[in-house]
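As structure tokens, the structure follows; a few thoughts come after it.
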Amino acid sequence: MKFWRILHLTLMMAVICGCGGRKPSPDPAFQVPVQMIQGVPWVPLAQAMALFGSPMVEGYSGQFHFQQGTLDFKPNHQSFTMVDQKIWMGYACLDWNGSLMVHLRDWEKCLLPLLRMKPMFAAYHSTIVLDPGHGGRDTGAMNASKSLVEKELTLKISRLLQAKLAAKGWLVHLTRESDLTLDLEPRISRVQEFKPDFFISLHVNSAQAKEAVGIETFYTTPQGLPSNLTRNYEDPVEVTFPANQFDDESFQLAWSVQRHLLIATGASDRGVKKARFMGVLRNQSCPAILVETGFLSNPDECQKLASDEYLLQLASGIASAFPDRSNKQSETQ
Ligand SMILES: [Zn+2]
């Protein structure tokens, strides 16, 4: 990875300097200008977006119209929005003499997959593994006043989602079918037995602050970027994990699932985020995401999570991100 990164940088620097005599690649990704600022590589957004046919909105330096929707960046903000949906980068946007810049690694691992939006699904994809978070003696989050327990909610949502996806022609396995204690290692082994094409771990959130609310979707942090959530675990940016082979696919899946969840539920958007400490994600050998479906610690959201109707909305939202295999359509966003 490191060699590839250096090569990529070298190619891009050659393009800016106009040196090397090498015929430029037709791929705009390799023509993007890179500016070194205090030893850190940054990409000027306006020029980079123009390569993809997306000039910035007149008079406003952080907004770009793109075929997928409007992208909106703000200086010193680590997140941006696409079609009003929040996505978290590794580094905050830099305002450099009036030009907005994104870190090169964010450009490569976050912006490029969105701008390219390659088809995620193929006809040979057939199997999804759902992971109802926690189980057995590991209850996960709880709301005593509503008698709600995360391990039960994640199993309920997983079963509803299994039915929705099966109706679309997918083969769907669960890591646990009952209130079973399942540690990390056997959980991952179980996933690998099924050889899935996609993996989704389902969780319910909780926080000290009662006002924390909404849905967020995680994928494994790409090499070279800091995570958006570490929970005080180490976050070694140069390390790669098995899941990093599927950075783009996992990110696209996270983006699509989050988008469909927001449409289905009207919940608050906490965004698509990266985390490296989640063992259940980083050790997977397929596109893998973890969905935090809402906060048991928030009175309003807890009220919603107590209703089977809302759990069905959550399941329907996630299922909408997957194509219907039963009518042989092989591609969707
Ligand atoms: Zn959990």
Side-chain angles (χ1 to χ4, degrees), residues 88 128-162 173-191 198-221 227-233 235 241 243 250 253-254 257-258 261 265 267-284 288-306 310-311 313-315 317-318:
W88 290 83
I128 301 170
V129 170
L130 304 177
D131 173 44
H134 310 277
R137 62 176 182 271
D138 171 15
T139 59
M142 296 177 78
N143 184 309
S145 65
K146 291 276 176 203
S147 304
L148 287 183
V149 186
E150 181 179 359
K151 65 174 185 176
E152 292 172 6
L153 291 173
T154 57
L155 187 54
K156 276 189 182 179
I157 299 166
S158 298
R159 284 192 177 129
L160 293 167
L161 178 55
Q162 182 179 31
H173 301 286
L174 270 55
T175 51
R176 65 179 177 93
E177 305 268 357
S178 60
D179 186 16
L180 178 80
T181 302
L182 199 53
D183 293 332
L184 181 61
E185 256 179 54
R187 199 177 283 263
I188 289 166
S189 306
R190 201 154 156 68
V191 177
F198 301 98
F199 171 81
I200 304 176
S201 189
L202 291 148
H203 287 254
V204 185
N205 233 329
S206 184
Q208 293 273 337
K210 283 196 166 22
E211 50 287 2
V213 68
I215 295 175
E216 56 196 11
T217 303
F218 289 89
Y219 69 107
T220 301
T221 312
S227 295
N228 304 123
L229 181 73
T230 62
R231 289 205 180 132
N232 293 326
Y233 286 90
D235 190 42
F241 295 98
S250 295
L253 182 63
V257 163
Q258 177 78 4
L261 272 168
T265 62
S268 298
D269 178 21
R270 296 175 66 82
V272 172
K273 296 181 176 178
K274 298 174 286 298
R276 198 170 263 122
F277 72 92
M278 295 175 174
V280 77
L281 284 189
R282 71 187 189 190
N283 293 305
Q284 299 300 348
I289 62 169
L290 184 147
V291 184
E292 290 279 5
T293 53
F295 282 78
L296 282 180
S297 45
N298 178 276
D300 293 341
E301 205 152 47
C302 184
Q303 184 80 33
K304 287 190 203 168
L305 288 161
Y310 189 71
L311 301 186
Q313 283 178 33
L314 287 167
I318 298 171

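Numbering of ligands and ligand atoms starts at 1, following listing order. All figures in this text were calculated on a predicted structure; none of them were measured in a lab.
Minimum heavy-atom separation, T221 to S227: OG1-OG, 2.6 Å.
Under the salt bridge (Lys or Arg N to Asp or Glu O under 4.0 Å) criterion, the residue pairs touching residues 139-158 are K151-D179, K156-D308, with sequence neighbours excluded.
Around the Zn ion (ligand 1), the protein atoms of type N, O or S that sit closer than 2.8 Å are H134 NE2, E150 OE2, H203 ND1.
Taking 4.5 Å as the limit, every side-chain heavy atom of S250 sits out of range of all side-chain heavy atoms of T220.
Using bins of under 30°, 30° to 60° and over 60° for the plane-to-plane angle, the ring pair H134/H203 lands in the perpendicular bin.
Residues passing the side-chain contact (heavy atoms from CB on, under 4.5 Å) test with L160 are L311, L312, A315, sequence neighbours excluded. When the side-chain contact (heavy atoms from CB on, under 4.5 Å) test is applied to R137, the partners found at least two apart in sequence or on another chain are T181, D183.
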